[in-house]
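Below is one structure; the comments refer to it alone.
Nothing fancy with the numbering, it's 1 onward along the sequence.
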Amino acid sequence: MNILVYKWDIFPYNDIINELKKQGHSTDVLAFPVKNHIQDSAFEKKLAEYLENGSYNAVFSVNYFTVISNTCHKYGIPYISWTCDAPLAGMRNPSIYNTVNTIYVFDYKEYEYFKDAGTVKYLPLAGAPDRISRLLTENGLCRDSRKYSYDISFVGNLYDKNRYDEMVNALPPYLCGYMDATVEAQLNVSGGNIINIMLTDDIMENASKYMDLKQGGKNLAELKLYFATSVLSYKAAAIMRRQAVNALSDIAAMHLFTTSSTDGLFKTIVHPPVKYHNEMPLVFAASKINLNITTPNIEDGIPLRVFDVLSAGGFLMTDYRPGLEKLFDIGKDLVVYDGINDLANKARYYLQHDKERELIAASGFDKLQKLHTYKHRIQAMFSL
């Protein structure tokens with residue numbers, strides 16, 4: 001196939017494009033910036049130029065763009081997208097019904113929400129074990145001669161700058177109290193999302209009186225989605241991540257790689273952020289335990305970090321999502337924790353049981369390499 005790839009600043013693109021080429025597809029890349037995902041005349045004009053001058057069998061993007069779908073619909077060219085964010089506000093648009101669309105979502109809850117559209121399919125994210133294995137070998141971290149530099153590592157954002165903290169002063173005390181209680185309730189739910197239930201229509205109607213609806217959406221439904229995903233979910237994640245890092249710092253050398261403020265993390269060993277493609281896999285391979293903490297807005301999907309760690313042959317401890325059981329054997333390929341106390345207890349156990357930990361890491365790598373690479377996902381997407 002001859003595929004036009006719309007490329008923007010997100011991690012998976014290099015692996016996707018390389019795999020497309022390996023599988024015999026020819027690719028052109030469009031990197032013109034999209035200023036408005038719904039309607040953008042400058043982008044529409046640029047995309048139309050490509051579609052009129054090239055003989056493309058499909059257009060592809062990571063995440064769904066209404067402006068791409070509508071332009072492809074105009075020209076009758078299939079549009080294939082693969083989401084890596086959930087829920088994706090851009091999919092709450094009638095354009096998802098365009099018959100040129102095939103929209104792959106990695107969160108099964110999102111698939112269930114949209115499946116009646118007839119254009120949405122479920123497809124998990126993927127890893128790049130071959131590329132990462134070459135990188136590790138070049139750096140002396142191949143599986144047979146691996147040396148561990150870190151006891152426990154977490155690579156990620158602490159969300160110290162989140163929208164809830166920015167807007168809290170705009171809300172009256174009773175609404176702030178309710179929002180705080182919602183976040184607290186979420187912290188006590190392992191592997192689920194209670195925020196959507198807590199944000200009732202009455203609460204959102206009251207909140208809308210103190211906010212510009214343009215900030216969160218055109219109506220209460222869009223405002224609720226905005227609050228649940230972009231506001232309260234990240235506030236809950238900020239608290240969860242700090243609690244986890246502090247708890248693990250009490251039992252071992254806890255290494256944090258982040259751009260976030262680390263005030264108050266007195267025992268944590270803080271490092272600068274690492275580059276996704278050529279530095280982050282080295283951390284995963286050199287860590288006895290790698291930590292994944294999923295943001296609550298991902299309800300039944302496996303985030304990219306899980307595949308990143310397993311692609312490096314790293315041992316992974318992650319919070320629970322139902323989707324994990326669809327792809328991996330929990331306890332054999334990776335370890336799931338249930339709350340902060342369980343996280344600390346299991347981390348202590350696996351630091352003391354090297355052989356068991358390394359067998360799980362090896363099993364997770366083998367499972368991913370056999371079933372969950374970009375090769376497998378590209379074959380699924382482009383077997384149309």
Side-chain angles (χ1 to χ4, degrees), residues 10-23 62 84 124-157 248 252-259 269-293 302-318 324 327-329 331-335 347 350-351 353-379:
I10 197 166
F11 299 130
Y13 268 113
N14 288 343
D15 290 316
I16 290 171
I17 292 172
N18 288 337
E19 187 56 46
L20 284 169
K21 292 177 178 178
K22 283 183 183 177
Q23 295 189 21
V62 175
C84 64
L125 299 177
D130 291 344
R131 171 181 61 80
I132 292 176
S133 292
R134 291 192 297 270
L135 174 69
L136 298 182
T137 300
E138 292 168 2
N139 286 271
L141 284 168
C142 56
R143 290 166 66 180
D144 295 335
S145 59
R146 185 164 299 182
K147 297 180 180 179
Y148 297 105
S149 301
Y150 316 110
D151 285 342
I152 309 172
S153 293
F154 178 63
V155 179
N157 197 327
L248 294 173
M254 175 71 221
H255 293 260
L256 173 65
F257 300 79
T258 190
T259 58
I269 303 167
V270 179
H271 301 264
V274 287
K275 296 178 180 178
Y276 178 83
H277 287 99
N278 58 9
E279 294 178 342
M280 193 171 69
L282 306 182
V283 173
F284 297 150
S287 301
K288 293 180 180 178
I289 294 175
N290 294 283
L291 182 62
N292 173 65
I293 306 172
I302 304 175
L304 189 60
R305 185 54 41 86
V306 169
F307 298 94
D308 292 336
V309 171
L310 298 183
S311 293
F315 174 85
L316 176 67
M317 291 185 62
T318 180
L324 288 166
L327 273 64
F328 300 103
D329 292 327
K332 180 181 178 182
D333 302 325
L334 46 77
V335 171
Y350 284 106
L351 286 174
H353 294 81
D354 294 344
K355 186 65 175 178
E356 189 174 348
R357 186 187 69 242
E358 290 173 358
L359 285 173
I360 292 173
S363 180
F365 175 85
D366 290 341
K367 177 68 65 66
L368 182 137
Q369 189 174 47
K370 291 176 181 176
L371 297 174
H372 307 303
T373 69
Y374 284 100
K375 175 183 177 180
H376 299 100
R377 303 300 187 247
I378 295 298
Q379 286 176 339

For the pair Thr258 (side chain) and Gly156 (backbone), establish whether a donor and an acceptor sit closer than 3.5 Å, ignoring hydrogens and angles.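 A pair under 3.5 Å: yes.
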Exam field: side chain Asn292 to backbone Val306, donor-acceptor pair closer than 3.5 Å: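 Not confirmed, Asn292 side chain does not pair with Val306 backbone.
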List for me each residue that meets side-chain hydrogen bond (donor to acceptor under 3.5 Å, both in side chains) alongside [X], sequence neighbours excluded, and say none if there are none.
X	value
Arg305	none
Glu279	none
Asn278	none
Ser311	none

For [X] and [Y], work out which heavy atoms get closest and say how close.
X	Y	value
Leu327	Pro124	CD2-CB, 3.7 Å
Ile360	Leu334	CG2-N, 3.6 Å
Ala312	Ala285	O-CB, 3.8 Å
Lys147	Leu141	O-CD2, 3.7 Å
Phe307	Ala126	CB-O, 3.3 Å
Leu304	Phe11	CD2-CB, 4.4 Å

For Arg357, all residues meeting salt bridge (charged side-chain N to carboxylate O under 4.0 Å, His left out), sequence neighbours excluded: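 Partners of Arg357 under the salt bridge (charged side-chain N to carboxylate O under 4.0 Å, His left out) test: Asp354.
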Excluding sequence neighbours, so at least two apart, what forms salt bridge (charged side-chain N to carboxylate O under 4.0 Å, His left out) with Asp333?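 For Asp333 the salt bridge (charged side-chain N to carboxylate O under 4.0 Å, His left out) partners, ignoring immediate neighbours, are Lys367.
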Is any side-chain heavy atom of [X] less than 4.5 Å from a side-chain heavy atom of [Y]?
X	Y	result
Leu316	Leu310	yes
Phe328	His372	yes
Leu359	Lys332	no

Between atom [atom1] of [X] and atom [atom2] of [Y], what is the distance when rounded to the nearest 0.5 Å?
X	Y	atom1	atom2	answer
Glu138	Leu136	CD	CG	9.0 Å
Tyr374	Gln379	OH	CD	15.0 Å
Lys288	Asp151	NZ	CG	5.0 Å

Checking Leu125 against Ile302 for the side-chain contact (heavy atoms from CB on, under 4.5 Å) test, could you report, in this order, the C-alpha distance in whole Å, the side-chain angles of both residues, the deciding distance, and whether it holds? CA-CA 7 Å; Leu125 299 177; Ile302 304 175; over 6 Å; no
Anything under 3.5 Å between a donor and an acceptor, one on a side chain of residues 269-276, the other on a protein residue two or more places apart or in another chain? List them.
{"from": "His271", "atom 1": "NE2", "to": "His255", "atom 2": "ND1", "distance (Å)": "2.8"}
{"from": "Tyr276", "atom 1": "OH", "to": "Asp308", "atom 2": "OD1", "distance (Å)": "2.7"}
{"from": "Tyr276", "atom 1": "OH", "to": "Asp308", "atom 2": "OD2", "distance (Å)": "3.4"}

Greater than 12 external heavy atoms within 6.0 Å of Tyr148's OH: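 More than 12 heavy atoms, drawn from other residues, nucleotides or ligands, come within 6.0 Å of this atom.
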List in chain and number order the residues that pass ring pair (Phe, Tyr, Trp, His ring centres under 6.0 Å) with Phe315, two or more places apart in sequence or in another chain; answer none if no residue qualifies.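 Once residues adjacent in sequence are excluded, the partners of Phe315 under the ring pair (Phe, Tyr, Trp, His ring centres under 6.0 Å) criterion are Tyr350.
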Just to verify, what does [X] make a side chain to side chain contact (heavy atoms under 4.5 Å, CB included) with, not counting sequence neighbours?
X	value
Asn18	none
Ile10	Trp8, Pro12, Tyr13, Val62, Cys84
Asn139	Leu135, Leu282
Thr373	Pro129, Leu368, Lys375, His376

